Amino acid sequence: MGEINHFEYGWITPALSYALSVLGSALGLVCAGRIRTATGAGQRVWWGLLAAWALGGTAIWAMHFMAMLGFAVSGTRIRYDVPLTAASTVIAVGAVGIGLAVVGTGRLTAPRLLAGGLFTGAGVAAMHYTGMAAMRLDGTLGYDRLRVALSVVIALVAATVALWLAMTVRRGVAIVASALVMGIAVNGMHFTGMSALSVHLHPTRGGTSGTEVSGLLVPIVLAVVFGVVGLVYALLAAPSDDDRAGAAYVAARLDGATPVAEADLPDPVGLRATRAVPEQPAPDPVGLRARSTLAQPGAQFPSRRKTDPRG
C-alpha cells in the first residue's frame, strides 16, 4: 500500500485551489446574471458560454488541477494522460453549460432546477474521476465506495445550489458571499473524493507513460490567466442597464418620425427633472417697460411734432 500525501507543498496548493474556485464562481455568477438581462438569443448563448467556462473551467477544473499539484504517492512518480486530462476539462465545461441552459430557459421552477443540478452534479463527479483516471503511476488505484458516493452527493447538492444562485443572485455582496460558499462546496467535493483513494503499488517498478505535472503546469496556468482576463474584459466592455437605458432615451428623442409619450421614455440621468425652466422677464425697477412703446410689436416710432386735430 502506497502512502498518499494530499498536501506535499503544505497549504499552498489548497489555498490556491480555493482561491481559484472562488474567483471562477464569482465570475460565473456575474456572467449568469447577464443571461437574465440579455435581449436576444445570441447574447444569451454568449453569456452562457462565458458562465460555463468560468464555473466549469476555472471554479471546478482548474481548482481540481491545482489541488492535484500537492498530491503525491511515496515510491512512485505520477504522470498524466493528456487526452484524458483534456477530456475532463470538456466534461466540466459542458456539464455546467447544459445545466445553465436547462435552468436559464424559461421560468425557474423546482423540477427544472433539480434536473439541471442532477445533470451538472453528475458531470462534475465524472470530471473528477476522469481526471483521477488520467493519472499514470506504478500502482493500482482503489476507491472506498461509501466515500465515493458521498462525494457524488456533495457534487449534486453543490451543483444544484450553484445553479440556483446563478439564476437568483444579483447584488455584489451576495455574489461574493455565494462565491465563498461555492468554493467550500467544490473543494469539499474534491477532497472527499480524494480521501476515498488508495494506491496499491506494483511489486516491480516499470516506466510510466504520460506527461509530468510540470509539463502541464505552464499551459494550464496560461489558459486560466487568459481565460480570467478575457472574462473580466467581456464584463467590463458589455453595456450596463444604465447604458442601455440612456441609449434608448437618446434614440427616442432623436427619432422624430415615431412620436413617443415623454412620460414613457426612460430618464437614466435625470434629464427630465433638470430641464431648464422658462426664462423669467428681467426686473424693471423704474417702470421703463410700461412707458416704452418700442417693446410693442407694430408700434410707430414716437415723434416730438404736435399734430393739429383740425388738420
Side-chain angles (χ1 to χ4, degrees), residues 1-21 56-95 121-156 158-159 184-224:
M1 185 74 69
E3 182 180 355
I4 296 176
N5 185 5
H6 295 284
F7 309 104
E8 186 179 16
Y9 302 106
W11 288 98
I12 296 178
T13 51
L16 290 177
S17 65
Y18 179 72
L20 279 175
S21 61
T58 303
I60 298 174
W61 187 86
M63 170 269 149
H64 167 85
F65 187 84
M66 183 58 64
M68 291 302 297
L69 291 179
F71 177 78
V73 179
S74 61
T76 179
R77 299 176 64 181
I78 299 177
R79 295 175 179 267
Y80 290 89
D81 183 88
V82 175
L84 273 181
T85 303
S88 66
T89 309
V90 175
I91 292 173
V93 177
V124 171
M127 180 280 305
H128 175 80
Y129 290 105
T130 301
M132 296 300 298
M135 289 194 307
R136 299 289 181 263
L137 47 79
D138 290 324
T140 303
L141 303 182
Y143 292 95
D144 181 82
R145 294 183 179 180
L146 180 60
R147 294 189 182 185
V148 169
L150 179 59
S151 68
V152 173
V153 171
I154 295 175
L156 294 174
I184 295 175
V186 172
N187 282 264
M189 179 269 163
H190 172 83
F191 287 107
T192 300
M194 293 300 295
S195 67
L197 177 67
S198 60
V199 178
H200 302 271
L201 297 177
H202 295 156
T204 58
R205 310 297 165 82
T208 56
S209 61
T211 304
E212 292 188 1
V213 66
S214 59
L216 295 174
L217 182 60
V218 173
I220 290 176
V221 168
L222 290 177
V224 171

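Bear in mind that the values here come from a model prediction, so they are computed numbers and not experimental data. Values below: all heavy atoms of this structure, side chains included; hydrogens, waters and symmetry mates excluded. One-based numbering along the sequence shown.
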K.L.:
Is there a donor-acceptor pair closer than 3.5 Å between any side-chain N or O of S88 and the backbone N or O of T130?
P.N.:
no
K.L.:
Return the minimal non-hydrogen interatomic distance between A196 and R147, and the atom names on each side.
P.N.:
CB-CB, 3.4 Å
K.L.:
Please report the C-alpha distance between W61 and I220 in whole Å, then the side-chain angles of each, then the deciding distance to 0.1 Å, and finally whether the side-chain contact (heavy atoms from CB on, under 4.5 Å) criterion is met.
P.N.:
CA-CA 10 Å; W61 187 86; I220 290 176; 3.3 Å; yes
K.L.:
Step by step, work out the side-chain contact (heavy atoms from CB on, under 4.5 Å) result for F65 and V224.
P.N.:
CA-CA 11 Å; F65 187 84; V224 171; over 6 Å; no
K.L.:
CG/N5 to OG/S74 distance, rounded to the nearest 0.5 angstrom?
P.N.:
9.0 Å
K.L.:
Which atom names give the shortest non-hydrogen contact between L20 and T58, and what distance separates them?
P.N.:
O-CG2, 3.8 Å
K.L.:
What pair of heavy atoms forms the shortest contact from L156 to A122, and how long is it?
P.N.:
CD2-N, 3.6 Å
K.L.:
With a sphere of 6.0 Å drawn around CD1 of I12, does it hold more than 12 non-hydrogen atoms of other residues, nucleotides or ligands?
P.N.:
no
K.L.:
I'd like to know whether Y80 forms a side-chain contact (heavy atoms from CB on, under 4.5 Å) with M135, so could you lay out the CA-CA distance, the side-chain angles of the two residues, the decisive distance to 0.1 Å, and finally the verdict.
P.N.:
CA-CA 5 Å; Y80 290 89; M135 289 194 307; 3.5 Å; yes
K.L.:
Rounded to the nearest 0.5 Å, what's the gap from CE on M189 to CZ on F191? Could you check?
P.N.:
11.5 Å
K.L.:
Looking at every heavy atom in both I91 and G123, which two are closest together, and how far apart are they?
P.N.:
CG2-O, 3.4 Å
K.L.:
Atom CE of M132 and atom CE of M194: how far apart are they, to the nearest 0.5 Å?
P.N.:
3.5 Å
K.L.:
Could you check whether the rings of H190 and H64 sit parallel, tilted or perpendicular, using 30° and 60° as the cut-offs?
P.N.:
perpendicular
K.L.:
Quick check for you: to the nearest 0.5 Å, what is the distance between S17 atom OG and I60 atom CD1?
P.N.:
13.0 Å
K.L.:
Count the heavy atoms belonging to other residues, nucleotides or ligands that lie under 6.0 Å from OH of Y9, then report whether that count exceeds 12.
P.N.:
no
K.L.:
With side-chain contact (heavy atoms from CB on, under 4.5 Å) as the test, pick out the partner of D138 among I78, T76, V199.
P.N.:
T76
K.L.:
Taking atom OG1 of T13 and atom NE2 of H6, what is their separation to the nearest 0.5 Å?
P.N.:
11.0 Å
K.L.:
If I compare all heavy atoms of A133 with all of R136, which pair ends up nearest, and what's the gap?
P.N.:
O-NH1, 2.8 Å
K.L.:
Taking it one step at a time, do H128 and T192 satisfy side-chain contact (heavy atoms from CB on, under 4.5 Å)?
P.N.:
CA-CA 11 Å; H128 175 80; T192 300; over 6 Å; no
K.L.:
Indicate the atoms forming the closest heavy-atom contact of M63 with N187, along with that distance.
P.N.:
CE-OD1, 3.2 Å
